[in-house]
Number of protein chains: 4
Amino acid sequence: MPRPATDKRDRLADAALDLTYRRGFERTSIADIAEHAGVAPGSVYYYFKTKDDVGQAIVDTLSGRYLSVIEGWRDLAAPEDRLVSFLDMYLDDADNVRAFGCPLGAVCAELGRHSPELGAAAGEVFSALIDWAAGEFAELGFAEAAARARATHLIAVMQGAAALTHALDDPEPLQREAAHLERWIRRAGE
Amino acid sequence: MPRPATDKRDRLADAALDLTYRRGFERTSIADIAEHAGVAPGSVYYYFKTKDDVGQAIVDTLSGRYLSVIEGWRDLAAPEDRLVSFLDMYLDDADNVRAFGCPLGAVCAELGRHSPELGAAAGEVFSALIDWAAGEFAELGFAEAAARARATHLIAVMQGAAALTHALDDPEPLQREAAHLERWIRRAGE
Amino acid sequence: MPRPATDKRDRLADAALDLTYRRGFERTSIADIAEHAGVAPGSVYYYFKTKDDVGQAIVDTLSGRYLSVIEGWRDLAAPEDRLVSFLDMYLDDADNVRAFGCPLGAVCAELGRHSPELGAAAGEVFSALIDWAAGEFAELGFAEAAARARATHLIAVMQGAAALTHALDDPEPLQREAAHLERWIRRAGE
Amino acid sequence: MPRPATDKRDRLADAALDLTYRRGFERTSIADIAEHAGVAPGSVYYYFKTKDDVGQAIVDTLSGRYLSVIEGWRDLAAPEDRLVSFLDMYLDDADNVRAFGCPLGAVCAELGRHSPELGAAAGEVFSALIDWAAGEFAELGFAEAAARARATHLIAVMQGAAALTHALDDPEPLQREAAHLERWIRRAGE
DNA sequence: AATGAATGAGTGTTCATTCAT
DNA sequence: CATGAATGAACACTCATTCAT
């Protein structure tokens, strides 16, 4: 029972996300995306009306990936463990972070520079991430305002650490800031 | 006695930096830069061999601007005040940060995505900034390793806060993280 | 008991004629025609082998329409009245003539420019129209050669008047030439 | 003393007019025009901003040609002779009229179908032509309104005759209507 | 009998780059 | 010293056409 349409569309969106992360949105041509997805060049426009539409699909794919990863942490009983998993996700992916930056931040910046609409859409992924982290901190006993402040801090520091690790081509900032944040999270959980 | 050649070159580099910050490097054409600088289109290639060369000039200009700003803080007697000036620089420029991201981080990311060479060059501006901050923290009494760690943390957090403020189109993360860091700096100065 | 296949084919031909008249043949895509006819995009090629084939169907539809309109004038007893009905047909449709030109002439020119074969086919519609008008003039007592000459003049002047009215976006040439021709016809009928 | 810029631009406009007349505007690609003018494909966009801009240049070229032809009839002392020259111009070009229609009417219709703006611009060429003919009839002693009516009739009939000659692929309508109009003009000059 | 999925060839357009002057 | 003219390669996008079902 094949769903070829959805399958190809997904493959195209995945390829577009991947190439945008590694080369940038502007430097990624429609033909590149098609080739990467193993699809005929003209076919991209069967699934997407414009390149901006591909950008929107990138945001959706990105959002879906982060949401499903977070979903996977539901097994963990303690909020601290879930928050630390967020840090570990970056550490496990340190090579890519070093080479291309944060998979979320880099792509959002790239799309935002292409068009304000895409930038706003990408911003919502950040919002969702902060919402999730704020929920975890709330579960740790923080009042809403404090929980949000902590969540924003967590995301901001990881964004900055990833940016520095990429800019300096050095995993150290990422590792050090993650270690810092882990202690900060554990301390909050006590 | 001005040297008009140099003047034009500088104007071109300034225009290139400005446009790259606001639109991105890829979306900025050589003709755009020439027009922005009030220079004849063909002349860009008199001053720069290739567009990548323009990218290098952007890095140099960026580096010069940050260095001279830092230089301007020499008047301040206390290292804490100089470090806080770094934070204030962002707060004073909050509108641009919100609209286009960190003037340093956004441009570095943009150039890094264009070519590894430019990325490495841009990375050195970050290194210099960290070196400066590490020096200030050393002056506050921290041992070298600790001073570097603190400097990296400072830059990373501001990078992340700027990125979030841009992505969310909301000045709050920048303001909150800056306030946080100011207390953290003042505490270190006691 | 309708034959749905034929019905769809007719609807497609009608849509194609309509769009060709208003936008031109080249600017009308197969997908446009399908959408306009309320038919699935892929289905056009079930009824027509190529786009040129659609062009042929346009000519046939056009021919059929003019023939049936002429047929409708059979009720009128006097040839003068039938010939004047031809003029009135244009005057009644003056808004479209102004906006898009003569429904026959514009489409013929469009198809002729697309391919000589279609141009020749479209030319036959003109021939048929001239034949009809020549028959009417013959009935008014003109010898065959004179009747054909008058018929050709009638059609030519209306073509030119329609073309001018369209080009100048002004109904005046059409109205004036039609009034002229009506007197000329009435005079011949005395 | 070469004026290469103007020269190339003119050659491109000439090629564009020629191809539009023979193939239609839509079926003429920018690459076709460049090749026809002996110019590199990318160069068209150095002289014209868009294809619509090329269309405007076509109108200008067309207008210039007709104006200069009319100018050439200044030598003729009698208005009748000048008006008959207009008819002769078509008869001398009968082969092209038969193959492609009226050089003015066909191109105007083609451009008008491409965009209303171009259609309006093309319409002004017709206006100018009518103005000229009206002036000649005025010189023959007709009051302004009558002169304009006659001028419009002259142009309209030639348009229609050319259209029919093209549609039927038969020079007869053009020749017969031209002969008719010549007698009509000579009669007015007596 | 009918169609939705898919595509390759071609379109208008942009732009980094070259070069004669 | 400086530039306007010119260009070829690449881009986003369109569309007539095919075909498995």
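In what follows, chains are A, B, ... by sequence order, proteins preceding strands, each numbered from 1. Everything numeric here is computed off the predicted structure, so don't read it as measured data.
- Rounded to whole angstrom, the span from the NZ atom of Lys49(C) across to the C1' atom of dA16(F) amounts to 14 Å.
- Separating the CD atom of Glu35(D) from the P atom of dG10(E) is a distance of 13 Å, rounded to the nearest angstrom.
- Checked for salt-bridge contact, Arg65(C) and Asp14(C) meet the test: a charged N lies under 4.0 Å from a carboxylate O.
- Heavy-atom nearest nucleotides on DNA chain E were determined for Phe25(D) and for Glu26(B), and the one closer to the 5' end corresponds to Phe25(D).
- Among the atoms of the strands shown, base atoms are found under 4.0 Å from some heavy atom of Ser43(A).
- Along DNA chain E, the nucleotide nearest to Pro41(D) and the one nearest to Ala31(B) differ in position, and the one closer to the 5' end is contacted by Pro41(D).
- Here the nucleotide nearest the side chain of Ser29(B), chosen from dA16(F), dC15(E), dT3(F), is dC15(E).
- With rounding to whole Å, Tyr47(B) atom OH is found 4 Å from dA2(F) atom P.
- Between the side chains of His114(D) and Asp52(D), at least one donor-acceptor pair of N or O atoms lies under 3.5 Å.
- Pairing for dT14(F) is with dA9(E), a Watson-Crick or G-U wobble pair whose two hydrogen-bonding atom distances lie under 3.5 Å.
- Computed from coordinates, the Asp7(B) CG to dA2(F) P distance equals 10 Å when rounded to whole Å.
- Taking 4.0 Å as the cut-off between side-chain N and carboxylate O, Asp32(C) and Arg27(C) do not count as a salt-bridged pair.
- Phosphate proximity of dG4(F) to Lys8(D): absent, as no side-chain N or O sits under 4.0 Å from OP1 or OP2.
- The distance between atom NZ of Lys51(C) and atom P of dC15(F), rounded to the nearest whole Å, is 9 Å.
- Looking only at distances, a side-chain donor or acceptor of Tyr21(B) sits under 3.5 Å from a matching main-chain atom of Gly101(B).
- Pair assignment for dA20(E) gives dT3(F), based on Watson-Crick or G-U wobble hydrogen-bonding distances that are each under 3.5 Å.
- Closest to the side chain of Ala40(D), out of dG8(F), dC11(F), dA16(F), is dG8(F).
- Between the P atom of dT14(F) and the CZ atom of Arg27(C) lies a distance of 12 Å, rounded to the nearest Å.
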Dump the intermediate steps for side chain to side chain contact (heavy atoms under 4.5 Å, CB included) on Phe100(D) and Arg23(D), then the final yes or no.
CA-CA 8 Å; Phe100(D) 310 112; Arg23(D) 297 186 204 164; over 6 Å; no
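- Tyr46(A) places its OH atom 3 Å from the P atom of dA5(E), with the value rounded to the nearest Å.
- Rounding to whole angstrom units, CD1 of residue Ile33(C) and P of dC15(F) are separated by 11 Å.
- For the OP1/OP2 pair of dC19(E) and a distance below 4.0 Å, the side-chain nitrogens and oxygens of Tyr45(B) include no atom meeting the criterion.
- Side chain of Thr50(D), nearest nucleotide from dG4(F), dC15(E), dT13(E): dT13(E).
- Nearer the 5' end of DNA chain F, as judged by each residue's closest nucleotide, is the contact made by Val44(B), out of Val44(B) and Ile30(A).
- In this entry dA1(E) has no Watson-Crick or G-U wobble partner, no candidate having both defining distances under 3.5 Å.
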